[in-house]
Amino acid sequence: NPYAGLVSHLRASWLSRKTQPVKFRMAQLEALGHFLDERKQEILEAIAADLGKPPFEAELSEILVCKNELHETLNNLSRWMKDEQVDLSLATRLDSAFVRKEPYGVVLLMAPWNYPIHLILVPLIGAIAAGNCVLIKPSEISKNTERLVAEVLSSYLDKDCFAVVTGGVQETTRLLENKFDYIFFTGSPSVGRVVMTAAAKHLTPVTLELGGKNPCYVSDTCDVHNVARRVVWGRFFNAGQTCIAPDYLLCTLEMQEKLMPALREAITEFFGPNPQESPDFGRIVDDKQFRRVRALLCSGRVAIGGQTDEAERYIAPTVLVDVQPSDPVMQEEIFGPILPIVVVANMDEAIDFINARERPLVIYAFSSSDKVVNQVLERTSSGGFCGNDTLMQVMLTSLPFGGIGNSGLGMYHGKFSFDTFSHHRGCMKRGMGREPLNAPRYPPYTQQKFGIVRATSQVTRKDDCTLL
Amino acid sequence: NPFAGLVSHLRASWLSGKTRPMEYRVAQLEALGRFLDEKKQEILEATELDMGNPSFEAYFTEILLCKNELNVTLNNLSSWMKDEHVDKNLVTQLDSAFIRKEPYGVVLLMAPWNYPIHLILVPLIGAIAAGNCVIVKPSEISKNTESLVAELLSCYLDNDCFAVVTGGVQETTRLLENKFDYIFFTGSPSVGRVVMTAAAKHLTPVTVELGGKNPCYVSDTCDVHNVARRVVWGRFFNAGQTCNAPDYLLCTLEMQEKLMPALREAITEFFGPNPQESPDFGRIVDDKQFRRVRALLCSGRVAIGGQTDEAERYIAPTVLADVLPSDPAMQEEIFGPILPIVVVANMDEAIDFINARQRPLVVYAFSCDSKVVNQVLERTSSGGFCGNDTLMQGMLSSLPFGGIGNSGLGKYHGKFTFDTFSHQRGCLHRNMGLETLNAPRYPPYTQQKLGLITATCEVKRRGTCTLL
């Protein structure tokens with residue numbers, strides 16, 4: 001296996017306990033901070049070359065968000081690493097019992113192309129903080145960022161403990177044959193299955209951040225203009241290539257009628273009369289994705305946008321109406337700048353529509369009525385949820401970010417990344433003496449001994465009398 | 001698929017929201033408590049028929065420990081179920097941000113034969129507490145308990161939401177073809193791989209509690225008699241059929257010489273001169289296991305015990321000396337009443353020996369010197385750890401219980417069980433108004449807007465000046 005040597009080398013570094021001290025981990029994390037500061041220009045240029053992403057969006061989603069995670073981790077790492085003392089029973093009252101956070105070992109980190117720096121760095125920060133060695137596999141589709149990560153990022157990190165592997169499907173398949181101690185994957189559900197199946201051979205724990213169609217319910221009682229702006233922002237950010245973007249709208253015919261001019265207005269406000277000329281609207285990453293997304297336009301009726309330009313891989317910010325559940329655009333995650341509207345009779349029908357489908361990464365619900373927002377939250381199941389906005393829930397490092405069912409398993413961001421990449425080792429330290437305390441548990445067994453064992457180890461139901 | 005209808009039925013019950021209210025979950029948990037109280041006799045009889053274990057041991061592990069888990073859960077369920085509000089940044093200051101604990105849906109719970117009630121009930125308690133519906137698959141090897149669970153558990157629990165499926169390898173394979181929302185498996189690493197591979201097809205999250213060879217290092221500075229008693233207790237409890245029993249001893253030749261009479265003394269103290277006549281020593285569960293364990297006796301030299309009686313499936317409490325790493329007893333998890341001693345030169349050699357092998361469920365270390373215990377803890381990796389005793393760390397519900405690498409993935413006991421079976425849904429609920437707060441993020445993008453967003457969303461590194 002072409003990667004066996006590399007994996008061995010990283011494992012040996014981990015076994016040497018090089019990554020154990022908090023100082024080492026902080027130094028690596030600080031180095032990531034230097035990478036983001038010193039190489040900002042190259043990062044923005046690579047992302048622009050790969051995705052045509054406006055520099056504002058890249059700064060926000062690839063630099064600022066990563067720096068937030070970095071600072072959150074650096075601010076709290078020594079506290080997160082501490083042993084957590086736990087409650088003791090009567091029998092163990094004089095002992096020490098605690099949870100120790102330990103690294104898993106060698107982590108494989110597989111990133112996609114849509115936020116190519118963010119989706120490497122944010123999990124990487126947690127993996128490093130938890131004391132692991134990491135093998136990074138950037139996406140071969142975002143070629144410029146792939147090269148930047150392989151050549152530049154690696155020069156900031158300790159070469160014994162961190163490495164970058166590049167390549168396509170073949171290389172990735174061979175890479176996955178190796179035994180890793182944790183695999184973190186962001187990408188499509190179908191590849192997620194392949195990764196988990198490979199992981200199962202080695203009983204390797206995994207976190208899979210996948211995708212799906214994120215429904216966005218808009219109730220009849222709302223501020224149409226605010227809703228339109230927030231939905232347009234979330235849908236067309238990065239030309240729609242966002243795993244948590246609102247994928248489709250659910251609303252009544254009446255609301256669709258009200259929304260249409262508001263959506264048109266918001267799109268014009270953001271991107272001007274001809275979005276192709278706006279410096280603030282992105283492009284599709286490659287020809288294959290472009291053709292895939294363009295094919296989805298044959299769904300319902302184009303109400304706004306619909307123009308495309310293959311040379312630029314440009315698809316206009318588009319809204320489709322009269323969309324049927326059987327239409328192409330409702331068969332797969334869109335991952336492009338198209339917003340279909342599916343008409344429902346009322347909130348109950350919207351909830352049933354959502355629940356009849358795979359559980360998504362996020363559910364959005366817009367309503368001036370808190371009751372409506374809460375109903376949608378309570379009666380559906382998804383990775384995450386946001387009421388009255390889009391995308392913002394992932395800007396908080398204090399909220400766990402992850403999917404459920406087809407949209408993924410596991411979670412990260414903030415302390416959740418540290419916990420994801422840590423093994424929580426249950427530890428007890430007893431005294432060598434005080435043997436009479438243990439005597440009741442030993443054979444020969446008697447009723448009297450049992451009474452003592454029970455009294456010293458039982459957990460009573462609160463509100464029961466305790467005879468002391 | 002013969003089980004598809006059952007799985008559908010349970011999924012429909014879960015989707016109906018029946019298991020959501022706390023009162024419902026508490027009622028089911030209290031029913032489990034009544035099962036343990038009212039059917040105590042039947043439980044003890046069934047486990048005795050299956051395992052031949054002394055009623056003291058069965059009462060302790062199958063009744064008392066389960067009641068402890070029940071009481072911890074009932075005492076704390078409402079606080080565990082509460083939404084956890086999280087820290088917010090400047091831009092979300094006026095919003096509501098929280099983590100909501102939600103059930104996964106339909107859980108498959110697969111239990112082994114060695115603690116047949118405990119290893120169903122303890123995970124079941126957490127799965128119910130978290131609001132899931134559950135299919136319980138007891139082991140077909142512990143036949144009497146299997147019948148008991150299949151007939152009686154359904155009398156205590158809501159049949160719309162909880163079911164028991166019985167059968168062997170074929171039935172289990174067909175069962176695993178169905179889509180579950182969580183799979184909890186306790187058993188061997190090889191079957192663990194099969195389960196995780198089946199789960200990968202549906203992207204089903206798993207917890208697998210497996211096994212391995214738990215090393216027990218005994219340093220030269222210790223109280224030999226106390227060590228002997230604690231090791232004998234942990235090794236021969238349930239005739240050695242315990243996943244976190246000390247599997248083999250590591251010590252110097254000198255310590256082996258001191259330990260031997262102490263081990264002999266402890267065994268006689270516990271089980272009398274002829275353990276086969278002691279009511280306090282168990283039997284091997286079936287003929288296949290008996291033959292497997294008996295074959296391991298051809299390792300090193302029998303220093304204590306070694307007698308067997310096939311009719312009773314009795315294997316005497318046995319200690320093997322001069323065992324080599326290549327001997328049969330060192331090739332697999334023993335899971336029987338045999339304690340091999342492997343001689344090492346010193347602690348460093350013991351640690352290297354442990355680290356050269358698969359990571360076990362638990363590492364044990366005995367020493368009067370706390371530095372030695374800490375060294376072993378720090379320089380090894382395992383599911384859990386206990387210094388100066390055996391088994392006790394698994395009896396504290398405040399410590400997470402689980403493996404790492406070949407010994408498993410995931411953890412449970414106490415609140416960790418509830419968390420294992422809960423999806424943590426990150427939720428943000430924003431205001432429909434206050435749109436001016438959102439304006440800086442919208443295109444057309446400007447440097448000034450970027451400055452505003454940075455100021456309202458950034459996480460600063462502590463220790464840096466903040467200009468207010």
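Just so you know, these numbers use all the heavy atoms, side chains as well, and skip hydrogens, waters and symmetry mates. In what follows, every chain begins at residue 1, and chains take the letters A, B, ... in the order their sequences are listed.
Heavy atoms of A:Arg17 lying under 4.5 Å from chain B belong exclusively to its side chain. Using a 4.5 Å cut-off between heavy atoms, A:Asn374 contacts chain B through its side chain alone, with no backbone atom that close. A:Pro189 touches chain B through backbone and side chain together, each having a heavy atom under 4.5 Å away. Both the backbone and the side chain of A:Ser89 come within less than 4.5 Å of a heavy atom in chain B. There is no contact between A:Arg379 and chain B, counting heavy-atom distances below 4.5 Å. Neither the backbone nor the side chain of B:Phe236 comes within less than 4.5 Å of any heavy atom in chain A. B:Val72 touches chain A through backbone and side chain together, each having a heavy atom under 4.5 Å away. Only the backbone of A:Ser367 comes within contact range of chain B, with at least one heavy atom under 4.5 Å from a heavy atom of that chain.
Contact count against chain A (heavy-atom pairs under 4.5 Å) is highest for B:Ser398 among B:Ser398, B:Pro279, B:Gly384, B:Pro54. Contact tally against chain A (heavy-atom pairs below 4.5 Å) for B:Ser278, B:Ser381, B:Gly17, B:Ala97: the top residue is B:Ser381. Your options are B:Leu64, B:Asp223, B:Leu74, and the one with the most heavy-atom pairs under 4.5 Å with chain A is B:Leu74. For the options B:Phe385, B:Phe270, B:Phe237, heavy-atom pairs under 4.5 Å to chain A are most numerous at B:Phe270. Counting heavy-atom pairs closer than 4.5 Å to chain A, the top residue among B:Gln393, B:Glu269, B:Gln424, B:Met395 is B:Gln424. Interface remark: of the candidates B:Glu102, B:Arg359, B:Gln447, B:Lys67, B:Arg359 forms the most heavy-atom pairs closer than 4.5 Å to chain A.
A salt bridge links A:Glu358 with B:Lys179: at least one charged nitrogen is closer than 4.0 Å to a carboxylate oxygen.
At least one side-chain heavy atom of B:Arg230 sits under 4.5 Å from a side-chain heavy atom of A:Tyr442. At least one side-chain heavy atom of A:Asp389 sits less than 4.5 Å from a side-chain heavy atom of B:Asn438. Residues B:Thr380 and A:Arg425 are in side-chain contact: their nearest non-hydrogen atoms beyond the backbone lie under 4.5 Å apart. Residues A:Arg441 and B:Met392 meet the side-chain proximity criterion, which asks for heavy atoms closer than 4.5 Å. Taking the side chain as every heavy atom from C-beta outward, A:Ser398 and B:Lys88 never approach each other to under 4.5 Å. Contact check for B:Glu458 versus A:Lys67: no side-chain heavy atoms found under the 4.5 Å cut-off. The shortest distance between side-chain heavy atoms of B:Met432 and A:Val227 falls below 4.5 Å. With a 4.5 Å cut-off on side-chain heavy atoms, B:Lys411 and A:His423 do not count as touching.
Judged purely by atom type and a 3.5 angstrom limit, B:His429 has no side-chain atom pairing as donor or acceptor with the backbone of A:Asn388.
The OH atom of A:Tyr182 sits 11.5 Å away from the CD1 atom of B:Ile404 when rounded to the nearest 0.5 Å. Atoms CG and OH, on A:Leu60 and B:Tyr445 in that order, are 8.0 Å from each other to the nearest 0.5 Å. One finds the CG atom of B:Asn68 at 11.0 Å from the CZ atom of A:Arg454 (value rounded to the nearest 0.5 Å). Taking CG from A:Leu203 and OG1 from B:Thr197, the interatomic distance works out to 8.5 Å, rounded to the nearest 0.5 Å.
Summarising the geometry of B:Trp14 relative to A:Arg359, their closest heavy-atom pair is CH2-NH1, 3.1 Å, with the distance given to 0.1 Å. Closest approach of B:Pro443 to A:Asp280, counting heavy atoms only: CB-CB, 3.9 Å. The two atoms that bring B:Thr204 and A:Leu409 nearest to each other are C-CD2, 3.8 Å, heavy atoms only. A pairwise comparison of heavy atoms in A:Asn75 and B:Val459 identifies ND2-CG1, 4.3 Å as the closest pair. Among all heavy-atom pairs drawn from A:Val99 and B:Pro400, the shortest one is CG2-CD, 3.4 Å. Considering every non-hydrogen atom in both B:Arg425 and A:Leu377, the closest pair reads NH1-O, 2.8 Å.
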Item checked: Derivation of the side chain to side chain contact (heavy atoms under 4.5 Å, CB included) call for B:Trp233 and A:Asn438 -> CA-CA 10 Å; B:Trp233 178 67; A:Asn438 297 329; over 6 Å; no
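A perpendicular orientation is assigned to the rings of A:Phe450 and B:Tyr59, their planes being inclined by more than 60° (bins at 30° and 60°).
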